[in-house]
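Just so we're clear, the structure is a prediction, and the values are computed from it rather than from any experiment. All values below were derived from every heavy atom in this structure, side-chain atoms included, with hydrogens, water molecules and symmetry-related copies excluded. A, B, ... follow the sequence lines: proteins, then strands. Residue 1 opens every chain.
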Protein chains: 2
Amino acid sequence: MRRMTARPANAHQARLLRLLRDGGPSSRAQLGDRVDLSRSKLAVEVDRLLETGLVVADGLAASRGGRRSHNIRLAPQLRFLGIDIGATSVDVAVTNAELEVLGHINQPMDVREGPVAVFEQALDMAGKLRATGLAEGFDGAGVGVPGPVRFPEGVPVAPPIMPGWDGFPVREALSQELGCPVMVDNDVNLMAMGEQHAGVARSVGDFLCVKIGTGIGCGIVVGGEVHRGTTGSAGDIGHIQAVPDGRPCPCGNRGCLEAHFSGAALARDATEAAQQGRSPELAARLQASGALSAVDVAAAAAAGDATALDLIREGGARTGQVIAGLVSFFNPGLVVIGGGVTGLGHNLLAAIRTQVYRQSLPLATGNLPIVLGELGPTAGVIGAARLISDHLFSPV
Amino acid sequence: MRRMTARPANAHQARLLRLLRDGGPSSRAQLGDRVDLSRSKLAVEVDRLLETGLVVADGLAASRGGRRSHNIRLAPQLRFLGIDIGATSVDVAVTNAELEVLGHINQPMDVREGPVAVFEQALDMAGKLRATGLAEGFDGAGVGVPGPVRFPEGVPVAPPIMPGWDGFPVREALSQELGCPVMVDNDVNLMAMGEQHAGVARSVGDFLCVKIGTGIGCGIVVGGEVHRGTTGSAGDIGHIQAVPDGRPCPCGNRGCLEAHFSGAALARDATEAAQQGRSPELAARLQASGALSAVDVAAAAAAGDATALDLIREGGARTGQVIAGLVSFFNPGLVVIGGGVTGLGHNLLAAIRTQVYRQSLPLATGNLPIVLGELGPTAGVIGAARLISDHLFSPV
DNA sequence: ATCCCTTTGTCCTGCGAGTGGAGAAAGTCG
DNA sequence: CGACTTTCTCCACTCGCAGGACAAAGGGAT
C-alpha cells in the first residue's frame, strides 16, 4: 500500500492540516473561524485536500440549530512512527494523524551498542506494533537520539555518551529502511515538543523543558519554536558547572551538573551510601536487586529513608541552582521537569523550586510555574510524531 | 514641517524600505535581485513609495554596459533619534534613514534622578542636535533604558537600579513630547541590535551580546530577533550566582556576578586595593582624581600594575564562567562583549575566552568567536534607531 | 557613424487567487 | 407549516502578480 503520497500544496492547506491535527475533526465553518479565509476560498482548499485524500469527510455532526455540518478529519489511516532512543532504553509508538498514541512499546537497550544494532531493535519493535494491526505502514517517522544533532541533515554529531554514532546518517538510513520521510532531533527537544503539543506546555510560547534521565538536557522553546543552536547543541546543560572544583566528570572538567545529579550520578551515590551503611533501606534494595536506580531512591525516600531524601534534596538543589541561572537569563513562561527521575516526584520538584525562587530575579520568577511533565515516557514519542507531522504538514 | 506621515502599505513596501536601509541606495534592478518579485510588481511598489515620499529617485548611476539606472534611496530628510539611557550617562544621536549617525552627544547623568529629570536632559540634548541643522524634526525615536521593559507598552518594570522608573509611561510621554512614534527597550537589547545592524554581528542569526557597564546584562538574539522573555527581563545575567556564598549583593543574594565584577564592583575593588596600599598605580590615580573607575584600572594595568591586572583577570574569569554556562545552554554563533568596561580591552577578553573555552562543551565552542563590540558607545544609539525604524518600516 | 549587444525600465495581457453576495440545502422551533 | 438559523455551494467580479514584448539608453567594435 502506498502511503501519503500527497502533501499540502500551499500554506493554506498546511494551515488547515495543522488545525485538524491540533483541534481534531471540525466542520468547514469551524475551520473558517480559525483561519483568515473567505468561505469560498476555504471550500476550495478543503475540496482539494479531500481530492488528495489527506482529509476525509465522514458523517454529519449534530445540528446546532441549522443545517448539519460535515465532519472534516485527517485521513484516519495515516500513521506516524515515533522512536525515542534513550541512553538505556528505546520507546517506539504509533500515532494517528492527530498524534494520539495508538500503541507504545518500551524496551531496555544500550545506546553504546551503536546505531546499527539500536535501529535494528527499534525497527523490530515498530514491526511488532504494525503486526498488531495498528498500522499498515508508516507515513512518516520522528526519531529522537540522546545527543546533539545536525538538524537539517538528521545526523548526530559528537555525542559524548554515544561513541559510534557520530556522523551516522540516521535520517537517510531510516528513511530508506522504512520507505517514508524521517526527521531526527535531540530527545530533549522532542520531549519539549511533546509537552507543548499535548502536555503542560500547551499555549506557552517560551518555556524550558529540563529532562533528567541518565544525563541532563534542556529543551528550549522560543516563540513556539524549538531553539537548536548554531551547532545543534543548545540545551546541553549537563556540563554547566554546578559545583566549583566539584566531582570529576567524564567530559574532563570538574563539578559539572551531570556529575553531581542525574540518573547515573544518583545511582552511583545511592550505591555508595548503601555500601557505606548510611542507608539501611538502600542497602536492602541493593542486596535484593544487585544494582540501584532512581526508582530505588524514590522508594527509599517514600519509605522515610533520610539518606535517600537527602540525595534527592541535594540533587534538586544543584539542579535548581543551574536552572535559576537559566531562568534569569532566558525568562521563560514555564519550566517543565521531566525524564526518568520524575519518579522522584515532589521531593525533587520542591527542592528545585526552592532554589529557583530564591536565586532568580523576582521579575523572572514572579509568575513562573515549575511543574513536572504530564506525559511521562510518552512525551518523547509524541514529540517525535509532532516533529515529522510538522514537516509533512508544511507546503511542498 | 510634518514628517513621515506615510508608512509602508504592505509587506513588499516594508521589505523594500528595509533593503534600502540596510543596503543603501540601489537601482530598481538591484532591488529586484534581492526581493522575490517580478519587475513589473516591483516597479509598481517603488512608484507608490516614490508617491508617498518615503523614497526618492535622485540622479543616474554610472552605466554598467547598458542603460544607466536611477538611484532609489530613502528620503534624505528622514531623521531618527536614538536615546540610550545608561546608569551614569546619556547618549543621544541623530541618524538618517540608513541609520548612519549624523550627530552624537554624551553627557553624564544619574538615572536615579528619575525619568522626568532624565528625559528633560535627553530632550534638551536632542534639541541641541537639531539646532545644529542636522534635523528639522524627528520621524521616530528609539529609547534604551538600563532595566527590564514591558516591550509592547514601552514601560520599564521593577528596575532594580532605577527607583522611580517603575511603570513610568516612557513611550507615551516621549511620543507626546516629540510628536513622533517612539519605541522603548532595554539598553542591552539595543546594543545587540546595533552590533547586529552595523557591527560585528552582521549576518549572525543567533548570538549573545554581553554588556558590562555599571551592571551586567546580555542581549539575546535568536534567528535575527531579540528575545525579550515573558516579562521582559531576559538577559538579566547580573544576578546569576558566580561565586557560592560570595559577596553580598543589593538584590539580597550572595555571590551574584554583578557583585563580583561590573563597572561598579571594579571601581569598588580598585579603590579598596589603592587604600590598602596594594597598588601604587591605583593609589596615585585615586589621589589625583578622588575616585576610581574602570578607565583607571585599564590605565594602571597598561602601566604594568599587577594588582590592576589581577582585578581584570579575576573579573574576566568570573564573567567567563557565567558566559560558559550560557554558551553551553544557548549554543550561539557569536559572543560580543561590550559596554563601558571594554576599555579593559584584550586582558579582559583573554580572561573571558580562556574560561569559556575551558568550561563549555567543545561542540558549542568549536567555532565560536568571542569578540569585543566594534561600535563602542554608538552601538546603543544605532540600535535605538534600528528599533524605531524596524517599527516604522513594517506594514501599516 | 553604424550596427549589435547589454542593461534598465515600462507597458500590456492574461491567469489565478481570493472576496462577497445570492441562494440552495438542511435543519430547529413555535 | 412558516419563520429563522446554520452550513455549504455557486458565480461574478476584483485585484495582485507574472512574464513577455518593447522602449530607452548606453558601450564597444568595425
(Q) Nearest 0.5 Å, please: how far is CG in B/L17 from OG1 in B/T52? (A) 7.5 Å
Q. Which whole-number value in Å describes the distance from A/E45 CD to C/dT19 P?
A. 11 Å
Q) Does a salt bridge link A/R48 with A/E51, judged by any charged N lying under 4.0 Å from a carboxylate O? A) no
Q: Establish, with yes or no, whether the OP1 or OP2 oxygen of C/dA17 is under 4.0 angstrom from a side-chain nitrogen or oxygen of A/H12.
A: no
**Q.** Residue met sooner reading DNA chain C from 5', once A/S38 and A/L60 are mapped to nucleotides
**A.** A/S38
Q | Considering all heavy atoms, the nearest A/V200-A/V336 contact | A | CG2-CG2, 3.6 Å
Q. Roughly how many Å is it from CG in B/D36 to P in D/dC17, rounded to a whole number?
A. 11 Å
Q | Distance in angstrom units between B/K41 NZ and D/dG20 C1', rounded | A | 18 Å
Q) Could you state the CG-P distance from B/L42 to D/dC17, rounded to the nearest angstrom? A) 12 Å
Q: Nearest 0.5 Å please: distance from the CG atom of A/L387 over to the CG atom of A/L190.
A: 6.0 Å
**Q.** Qualifying residues under side chain to side chain donor-acceptor pair (under 3.5 Å), relative to B/R73, sequence neighbours excluded
**A.** B/D58
Q: Report yes if the side chains of B/L20 and B/S26 come closer than 4.5 Å at any heavy-atom pair, otherwise no.
A: yes
**Q.** Contact pattern, 5' to 3', of nucleotides 4-12 of chain D - B, S or - by protein heavy atom under 4.0 Å
**A.** -BBBBBB--
